[in-house]
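Below, all heavy atoms of this structure are taken into account, side chains as well, without hydrogens, waters or symmetry copies.
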Amino acid sequence: MSEENNAEVVQNPSEEGKRISNWAAFVESCAYVGKASRDPSIQVRAGDKLSATLLKGAIFGAFLFLAVPCFGPKEGAIWCYLIADLLFFAATILFVVSRFGVLRVMSLRHALVCWQLMIGTSLLSVALAVNLVFVIVILIAGRYIAQLTPQ
């Protein structure tokens with residue numbers, strides 16, 4: 001089969017093994033994962049449940065620490081932001097690491113695809129974070145930076 005035939009969009013996405021558009025694949029994958037998360041026959045390890053609960057709590061705690069300087073003493077703002085960052089970072093690391101072992105029980109092809117998804121998601125997160133910082137710097141210090149550049 002040629003590359004052109006592999007890349008064409010199939011009108012009936014339910015035909016397994018056929019290529020569909022990236023968007024259709026994304027939508028179907030989200031629906032599939034949603035179905036799997038509601039399936040009572042799928043057992044989730046206690047450690048995975050605990051790390052998910054810890055991550056939710058850390059996100060809530062991080063938002064609280066981020067809000068403290070808005071309503072309380074501004075002197076401790078940097079410490080609140082540092083604690084929020086550490087809480088979220090530690091919980092996220094635990095969440096990811098606790099699920100990493102699943103790669104060893106997958107077929108080689110599926111493990112490779114999952115690994116590529118993890119790397120791609122990590123790179124997307126870094127790109128989003130860098131761009132968010134860039135936008136914040138421009139919004140906060142844009143005029144000052146513009147004054148420093150030669151006209």
[atom1]/[X] to [atom2]/[Y] distance, rounded to the nearest 0.5 angstrom?
X: Gln43; Y: Lys49; atom1: CD; atom2: NZ; value: 7.0 Å
X: Leu124; Y: Ile119; atom1: CG; atom2: CD1; value: 13.0 Å
X: His110; Y: Cys114; atom1: NE2; atom2: SG; value: 8.0 Å
X: Leu82; Y: Leu87; atom1: CG; atom2: CG; value: 10.0 Å
X: Thr92; Y: Ile59; atom1: OG1; atom2: CD1; value: 6.5 Å
X: Leu55; Y: Leu50; atom1: CG; atom2: CG; value: 11.0 Å

Which heavy atom in [X] sits nearest to a heavy atom in [Y], and how many Å separate them?
X: Arg38; Y: Gly34; value: NH1-O, 3.0 Å
X: Ala91; Y: Ala58; value: CB-CB, 3.4 Å
X: Ala24; Y: Ser21; value: N-OG, 3.1 Å

Do Leu86 and Phe89 come close enough that some side-chain heavy atom pair is under 4.5 Å?
no
Main chain of Phe95, side chain of Ser98: is a donor-acceptor contact present, judged purely on distance under 3.5 Å? yes
Those residues that, when tested against Phe26, pass ring-ring contact (aromatic ring centres under 6.0 Å, His included) (two or more places apart):
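Result, ring-ring contact (aromatic ring centres under 6.0 Å, His included) vs Phe26: Trp23.
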Who passes ring-ring contact (aromatic ring centres under 6.0 Å, His included) against Phe100, sequence neighbours left out?
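Only Trp115 meet the ring-ring contact (aromatic ring centres under 6.0 Å, His included) criterion with Phe100.
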- Task: State whether a side-chain donor-acceptor pair under 3.5 Å links Ser51 with Arg99.
- Result: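 Ser51 vs Arg99: donor-acceptor pair found between side chains.
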Show every donor-acceptor pair shorter than 3.5 Å between a side-chain atom in residues 128-146 and any protein atom, with sequence neighbours excluded, or say none if there are none.
| from | atom 1 | to | atom 2 | distance (Å) |
| --- | --- | --- | --- | --- |
| Asn131 | ND2 | Ala127 | O | 2.7 |

Heavy-atom count around Tyr81 OH within 6.0 Å, excluding the residue itself: above 12? yes
How about CG on Asn22, more than 12 heavy atoms from neighbouring residues, nucleotides or ligands closer than 6.0 Å, or not?
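Not more than 12 within 6.0 Å, no.
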Is it possible for you to say whether Leu64 and Leu54 belong to one hydrophobic cluster, with membership spreading through side-chain heavy-atom contacts below 4.5 Å?
no
Is there a chain of hydrophobic side chains (I, L, V, M, F, W, Y, each step under 4.5 Å between heavy atoms) that links Leu123 to Met118?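 They do share one cluster, since a chain of ILVMFWY contacts under 4.5 Å joins Leu123 to Met118.
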